[in-house]
Amino acid sequence: MLPHGDFGWRNLLLCDDGTLVLLDFERAVIGPAWLDLAKCLDRELRLPQDREGFLQGYEKASGMPLARPPEAYLTCLRLWVAAGILLFTSKHADEPFAEHGRRLLQQVTGDLDLA
């Protein structure tokens, strides 16, 4: 599969005819479907009901079931996403996005009980 790598609402465009267009493929990679959702899991889909509703719609639209990943996998995704965000924001002035990266690192610290 070719996941987008930077999936989030800000990279979606809804055309007047109802077509949904996914933009900004500069971080596309080969990998599992969950990479496609990694960045928005702790941002746009932070709330469990939002996450589950989106995943059900994703599965229905794709026709493919998504296995829910184990917590250890989500922790690795959070670390991967935080690293990408902080690298990006070190070169571009985007403090709200940098803060999101720092919050993800705090989540990883909690996930691993390192606090």
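Treat the numbers as computed from the prediction; the structure is a model and nothing was measured.
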Pairs touching residues 11-25 that satisfy side chain to side chain donor-acceptor pair (under 3.5 Å), sequence neighbours left out: D6-N11, D17-T19
NE2 on H100 to CG on L86, rounded to 0.5 Å: 9.5 Å
Going by side-chain contact (heavy atoms from CB on, under 4.5 Å), name the residues that satisfy it together with [X], two or more places apart in sequence or in a different chain.
| X | value |
| --- | --- |
| E59 | L66, R68 |
| D111 | T75, R78, Q107 |
| F25 | H4, L22, A28 |
| L47 | Q49, D50 |

Path from F97 to L87 over hydrophobic side-chain contacts below 4.5 Å: no
Side chains of L112 and V108 in contact at under 4.5 Å (non-hydrogen atoms): yes
Validation row: L45, W9 side chains within 4.5 angstrom (heavy atoms): yes
For L13, the rest of its hydrophobic cluster, which grows through side-chain links under 4.5 angstrom: V21, L23
By side-chain hydrogen bond (donor to acceptor under 3.5 Å, both in side chains) - contacts of E95 (at least two apart): R102
Over all atoms of both residues, closest heavy-atom pair of A82 and L104: CB-CB, 3.8 Å
